[in-house]
Every structure is written in structure tokens, then in C-alpha cells.
Amino acid sequence: MLGAIEAGGTKFVCAVGDEQGTIIDRVQIPTTLPEETIPKVIEFFRKHPVKAIGIGSFGPIDVNRESASYGNVTSTPKVGWKDYPFVQAIKDAIPLPVGFNTDVNAAALGEATFGAAKGLDSCLYITVGTGIGAGAVVQGKLLQGLSHPEMGHILIRRHEDDPYEGKCPYHKDCLEGLAAGPAIEARWGVKGDQLVDKGEVWEMEGYYIAQALMQYIVIISPKKIILGGGVMKQRQIFPIIYKHLEKMINGYVNLPPLEEYIVSPGLGDNAGITGSLMLAHEAYEDEINREATRV
Ligand code: ADP
Ligand code: ZN
């Protein structure tokens, strides 16, 4: 059995499952302070013994193994979580191999292994929810450099009918600041799920997301693009994205038919937790290999 934690800003999902991505049991825990949330996580894994744990976490996090603060949450505004040593806290309570990556990288891995990008060595997973973030599998591996990518914070052109200043606490009108769920709510006065019939809302949203995809396509050239998160439950955004993207790309890049290329998660809301199981599997294999070389 493997363990998985999908750590989100509002809730933690903990699960046990196997390397085939089958989830056997799961629990949801509200994200409050680490002193409250983490003991409940640990209690769950004490009840369900596992051989490794994978964490897909909200970010920013430190994923650089050479770094002194590896395994920590870094600069979040979430109370109590800034500089929180996430991996260490889990390992101190349950001494097992722990895999650690962003929630969106975990989701990208889940989708590339079992979901909409199954069988491909490349995909991009983007969530449009409370924030905007993206994870990428490139040449079969999760994209990582100095740290993990932060693709939600790219700068985009403003829609000509959009006077809204933007909600990102760092950059105001970056992509996340203009197009994440809280920006939609701040601009239009109600939450996105109350705006279903307002065409102009989704026209603007699709315009912003299409610009982001244009940039990701020319930079990363993913073989599949998966759009998840609460806002993307508004399926009417997809054709608007296709329309704008087609115009923006203008034939320069040869793409598959857009309705096959840019899709919803094949694993639905399970992309992140399934990918976290894969992170656990990787951590377990790494540990075995390390031990083998030690002998
Ligand atoms: P999180 O990003 O916190 O993991 P979600 O992906 O559900 O969670 O994103 C929550 C955001 O998405 C909120 O701003 C919410 O208003 C918005 N949202 C959730 N469901 C919908 C929906 N059906 N239509 C439009 N917006 C939605
Ligand atoms: Zn930003």
C-alpha cells in the first residue's frame, strides 16, 4: 500500500492506494493551522500502514533536494504555513520514504500515467481555481529547475473591456490576478458558479486562458494540455479558448485538433491524489535503489 496527501488551501485529501492508481480509502481534512491539520493526517496513516507517502502540495514549496529548506512550504500567505517543514513533520511521525512536489505537478503526473495524457511522455496540467498553477511532464519527467514552475503568474494582455485591477498580492494583474476564481468573483460581484449565463464573463476568461496556453505551447510544446480546477467546470469556456487560441497561434505552430489537444482531466477530481500516489511510488523506488547501492 502507498499513501498520498493532496494538500490544498481549503482541504487536505489523504488516501491509501496502490501503484495502479487504485484508491482504497480516503479522508478529507480541513486546512487550518499545521498544528491542527497535520496530526489528523498522521492519525489517518497510523490507521492505514503504507510503505511510502507522496505529497502534492499547494505552493510555493522547496523541491530542491540540495537545499537546506527542502520539503518546506516557503512564501505562502496562508497563516501558520510559511516556512512550515512539511516533509520533516511527516517523516518525524512516520519514518518512511516521502515524495514531495506541487499539487499541479502531481496532477500532471497522474494524468500522464492514468488520465487524459496516458501513454504520452509530455503533458501540461493547469488548474484554474482559487489560484492558477500548472505542472508539466517533459520527456517523461516532472519539470523542475531552480524550483518548480509558477506558470500562473505570467503577464498577459488585458482584455479591452476589463477595468479590474487584478487580485494577485504580488503582481496584481498577472494571469492568476485576472483569471482565477477569486478574481472572477471580485470583478463581477458574485462567484463563478452564479455567472453561468453571463457570456461576457466566459468570453473574457477564455481570452485570458488562451493567452496563457499560447505562451505555454510556444515555450514547452506539450503533447496534451489538461485544464482542471473549479472554474473549468464551466465547460462553455473550452470553445472560447479554442477560438482565441486559433487566432493567436495563427497557423504558426502545427497543433492537433484543439478539442482533442486541450481537454478536461481524464481522472476528474482525482488527478492530484492519484499523482501523489505516483510520487509515493517514486519515493519508494528511490529508497530501494539507494539501499541497493549502499550494500
Ligand atoms: P482550490 O483551487 O481551492 O483547490 P477549486 O479548484 O474548487 O479549489 O477552486 C475554487 C475556486 O473556483 C473558487 O474561486 C470558486 O468560486 C471557483 N469555482 C468552483 N466551482 C466553480 C464552478 N462550478 N464554476 C465557476 N467557478 C467555480
Ligand atoms: Zn501573480
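We count ligands from 1, going down the list as the structure has it; atoms in each ligand are counted the same way.
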Query raised in the report: Is the backbone of Asn289 close enough, under 3.5 Å, to the side chain of Thr293 for a donor and an acceptor to pair up by distance?
Result: yes
**Report entry** Name of whichever N/O/S atom of His171 is nearest to the Zn ion (ligand 2)
**Finding:** ND1
Query raised in the report: Which word best sums up how the rings of Phe86 and Phe100 line up, parallel for under 30°, tilted for 30 to 60°, or perpendicular for over 60°?
Result: perpendicular
Query - Angle in degrees, rounded to 10°, that SG of Cys174 and SG of Cys168 form at the Zn ion (ligand 2) - result: 110°
Report task. Indicate yes or no for a side-chain donor-acceptor contact from Asn105 to the backbone of Ala136 under 3.5 Å, with no hydrogens or angles considered. Result -> yes
List ligand 1's nitrogen or oxygen atoms that come under 3.5 Å of a protein nitrogen or oxygen, with the partner atom and distance.
from	atom 1	to	atom 2	distance (Å)
ligand 1	2 (O)	Thr130	N	2.9
ligand 1	2 (O)	Thr130	OG1	3.3
ligand 1	3 (O)	Thr130	OG1	2.7
ligand 1	6 (O)	Gly230	N	2.8
ligand 1	9 (O)	Thr130	N	3.3
ligand 1	24 (N)	Gln234	NE2	2.7

**Report entry** the Zn ion (ligand 2) to His153: nearest N/O/S atom name
**Finding:** ND1
Report task. Name the orientation class of the two ring planes belonging to His48 and Phe44 (parallel below 30°, tilted from 30 to 60°, perpendicular beyond 60°). Result -> tilted
Query raised in the report: Quick one: are the ring centres of Trp81 and Phe58 less than 6.0 Å apart?
Result: yes
Requested in this report: Go through the steps for His244 and Met248 under the test side-chain contact (heavy atoms from CB on, under 4.5 Å), then give the verdict.
Outcome: CA-CA 6 Å; His244 284 294; Met248 289 170 191; 4.0 Å; yes
**Report entry** Trace of the side-chain hydrogen bond (donor to acceptor under 3.5 Å, both in side chains) decision for Thr74 with Asp62
**Finding:** CA-CA 6 Å; Thr74 59; Asp62 189 339; over 6 Å; no
